[in-house]
A.B. asks: 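The structure that follows is given in the form of structure tokens.
For the numbers below, each heavy atom of this structure counts, side chains included, while hydrogens, waters and symmetry mates do not. Values in this document were obtained by computation on a predicted structure and should not be read as measured data. Labels below follow one simple rule: chain letters A, B, ... track the order of the sequence lines, proteins then strands, and each chain is numbered from 1.
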Amino acid sequence: MNTKMKNKATTLDAYQLLHEGSLALSTVESNGICIDTEYLQKAIKQTARKIKEQTEDIKNDEIFKTWKKRFGTKTNMDSSDQLGKVLFENMGYTCPVYTQTGKPKTDIAVLSELNIPFVKSLLSIKQLKKAKGTYLSGIEKETIDGLLHAFFDLGLAVTYRSSSSKPNFQNWPIRNYEMGKLIRQCFIPRSSKRHIVELDYGGIEVHGAAWYHKDPMMLDYLHDKTKDMHRDMAMQCYMLSKKEMTPKNEDDAQRIKDIRYCGKNRFVFPEFYGDWWLSCAPALWNSISQMKLKTREGLSLRKHLKSKGINRLGIVNIDVIQESNTFLYHIKQVERDFWNSRFKVYRQWKEDWYNAYRKNGKFMMLTGFEISGLMKRNEVINYPVQGVAFHCLLWSLTRIQKLLNKYKMKSLIVGQIHDSIVGDILKSELQNYLEIANKVMTVDIKKHWSWITTPLEIEAEVSPVGKSWFEKTKVKI
DNA sequence: CAACAAAGCGCG
DNA sequence: AAAGCGCGCTTTGTTG
């Protein structure tokens, strides 16, 4: 072991990380997560019943009758192809977007904007089918003696992230409350004296990007706890004042959370990954109605924007010159400000990084992984960030598992989701586990990798003893 | 029957 | 100049 820390990782360092990471993840696989099989059976039956009921309900709808008339015995409500034909050929609705192959697009974004009761019900049925067909029965299929041993693979993803399969541990529903509840109640600790504990790195990809570009405005956001980039961008996108983002009472907190969520996931992250205003603006605009975004006084943000002189989305077409009273025009300005004035050092890094790749045909991650081959601009910019963010998690997981062994603790790591660790933790070891993990994830890792130049934070969520993953609540760390 | 592509949807 | 990154699973529809 070197006494002096190297500031550049090598390919050997990268190899070592994967080697030890693989061993640690194989232990995680073999540990497995405990399944409430009784609940699972009940949930499958209940969901099947709901699907049946809701399917019967919409059979009286005019649209279904038209569908039946056109496709007869071949009628299949799971067929996007048929749905597109019925809606846009028979019913006379105009198709807003087409797929690669020129067929009408019938995804959630398109369907929910149509505002047709039949289609709304259809979407609800599709969600239930996804829950049952992919998640509930997927878990059932792979559970052995009450334990689920999902696979975690390294060296498969191009970014040197992990992936998971049979079943995929990393895409269980959480964003939709009802669906999250239905699925996550399956996962329980393996005894009544244990908790399910999930530890998340906060905003690790944003930090990871900053370790490369070192943009002073971004570093300021990451160092100053009173500042919040996602909130600020949400305010700018929806033209809201600071007062609008201050809750007037306890019930008002969710309204602000939803607005911030849209700033984060409909503008900031898409922009970081290389998206642009023409695609961000419609998503932000549609979110207002879909998530019922409102001002402090309960006014729809559509009406709020109107009071600011923006009365429509505008035409989603790059050849159209956007008028100044459109939302598209506004978001185009917000984007310009975002890259030209807020984060211009970040923007310059992207240019330089991409140009260096064009010259060398390869690049190296901070963790020592060398990536070569033909890549698009956005891939060249995103891979090094996505990679190091996960490598922080992998290093931490490996280290925590070693310490659990060293101290002969009975708590187990049972899963991992890119930037979070899922543990099955003995009640008597909980405080100890949280302390160990926090130290590894926020202190020790900075000693191991000196290029981590921002303060790291983790969030801990813990289920009540013996209770499911769904019932987790935040705890102070 | 199997193999494959496309579309869709779940997560970070 | 180009125009969201990564993954796995299920179903439909085509091809041989």
Side-chain angles (χ1 to χ4, degrees), chain A residues 71 74 76-84 97-112 122-123 126-139 141-142 150-154 156-176 179-180 182-184 198 200-206 208-209 264-281 283 316 318 332 335 339 350-351 354-355 358 371 375-387 389-390 393 415-422:
Chain A
F71 288 97
K74 291 215 163 97
N76 183 348
M77 278 200 257
D78 295 332
S79 168
S80 302
D81 218 50
Q82 292 184 13
L83 178 61
V97 197
Y98 292 86
T99 66
Q100 272 188 341
T101 54
K103 289 174 183 168
K105 207 161 172 53
T106 56
D107 63 3
I108 298 173
V110 168
L111 295 183
S112 52
L122 197 63
L123 281 171
K126 276 165 173 266
Q127 191 171 66
L128 290 171
K129 283 184 174 170
K130 177 92 177 172
K132 179 174 174 286
T134 300
Y135 299 112
L136 295 174
S137 57
I139 293 164
K141 204 174 356 182
E142 301 290 343
F151 291 89
F152 293 97
D153 301 311
L154 291 178
L156 188 153
V158 290
T159 57
Y160 289 100
R161 245 196 188 184
S162 66
S163 70
S164 171
S165 59
K166 293 171 103 181
N168 185 347
F169 191 98
Q170 301 179 314
N171 73 342
W172 285 321
I174 186 70
R175 297 176 194 171
N176 176 278
M179 211 174 164
L182 183 66
I183 308 301
R184 287 182 185 241
E198 188 170 1
D200 285 71
Y201 266 120
I204 191 75
E205 280 206 22
V206 177
K264 176 181 171 183
N265 294 307
R266 305 278 178 270
F267 185 81
V268 176
F269 276 123
E271 287 288 340
F272 283 169
Y273 293 149
D275 205 356
W276 63 321
W277 60 273
L278 196 74
S279 110
C280 288
V316 189
I318 189 56
K332 190 180 176 182
E335 182 186 70
W339 290 115
K350 294 202 289 185
E351 284 310 306
Y354 182 54
N355 286 335
R358 301 242 298 183
I371 313 280
M375 286 171 270
K376 291 186 270 189
R377 186 179 188 274
N378 284 339
E379 293 169 337
V380 173
I381 289 158
N382 290 321
Y383 289 179
V385 176
Q386 191 174 103
F390 171 67
L393 191 281
Q416 161 269 123
I417 318 175
H418 308 300
D419 64 355
S420 77
I421 296 171
V422 181

A.B. asks: Return a table of donor-acceptor pairs under 3.5 angstrom between the side chains of residues 375-383 of chain A and protein atoms on other chains or two or more places apart.
C.D. replies:
residue	atom	partner	partner atom	Å
A/R377	NH2	A/E351	OE2	2.5
A/E379	OE1	A/K376	N	2.8
A/N382	ND2	A/Y273	O	3.2
A/N382	ND2	A/N378	O	2.8

A.B. asks: If only atom types and distance count, is the side chain of A/R266 paired as donor or acceptor with the main-chain N or O of A/C280 below 3.5 Å?
C.D. replies: no
A.B. asks: If you restrict it to nitrogen or oxygen atoms, what contacts under 3.5 Å exist between nucleotides 1-6 of chain B and the protein, and what is each distance?
C.D. replies:
none

A.B. asks: For A/T159, is there any backbone N or O sitting under 3.5 Å from a side-chain donor or acceptor partner on A/Q386?
C.D. replies: no
A.B. asks: Hey, is the main chain of A/N171 close enough, under 3.5 Å, to the side chain of A/Y135 for a donor-acceptor pair?
C.D. replies: yes
A.B. asks: Which part of the nucleic acid, if any, lies within reach of A/K126 when heavy atoms closer than 4.0 Å are counted: base, sugar-phosphate only, or nothing?
C.D. replies: nothing
A.B. asks: I need the CD1-C1' distance between A/I174 and B/dG10, as an integer number of Å.
C.D. replies: 12 Å
A.B. asks: Write down the distance between NZ (A/K105) and P (B/dA7), rounded to a whole number of angstrom.
C.D. replies: 7 Å
A.B. asks: Look at the side chain of A/T99 and the backbone N and O of A/K105, then say whether any donor-acceptor pair between them is shorter than 3.5 Å.
C.D. replies: no
A.B. asks: Given atom CD of A/Q416 and atom P of B/dG12, what is their separation to the nearest angstrom?
C.D. replies: 13 Å
A.B. asks: Measuring only the P atom in each nucleotide, how far is B/dA7 from C/dG4? A whole number of Å is fine.
C.D. replies: 16 Å
A.B. asks: Between atom CD1 in A/I183 and atom P in B/dC11, what is the gap in whole Å?
C.D. replies: 10 Å
A.B. asks: For A/L83, which of A/L111, A/D78, A/N76 qualifies under side chain to side chain contact (heavy atoms under 4.5 Å, CB included)?
C.D. replies: A/L111
A.B. asks: Say whether, by atom type as modelled, one donor and one acceptor occur between the side chain of A/E205 and the main chain of A/D419 under 3.5 angstrom.
C.D. replies: no
A.B. asks: Between A/E198 and A/S420, does any side-chain donor sit less than 3.5 Å from a side-chain acceptor?
C.D. replies: yes
A.B. asks: Select base, sugar-phosphate, or nothing to describe what A/L278 touches, counting heavy atoms under 4.0 Å on all strands.
C.D. replies: nothing
A.B. asks: Report, as a single string ordered 5' to 3', how protein heavy atoms within less than 4.0 Å touch nucleotides 1-11 of chain C: B base, S sugar-phosphate only, - not at all.
C.D. replies: --BBBBSBSSS
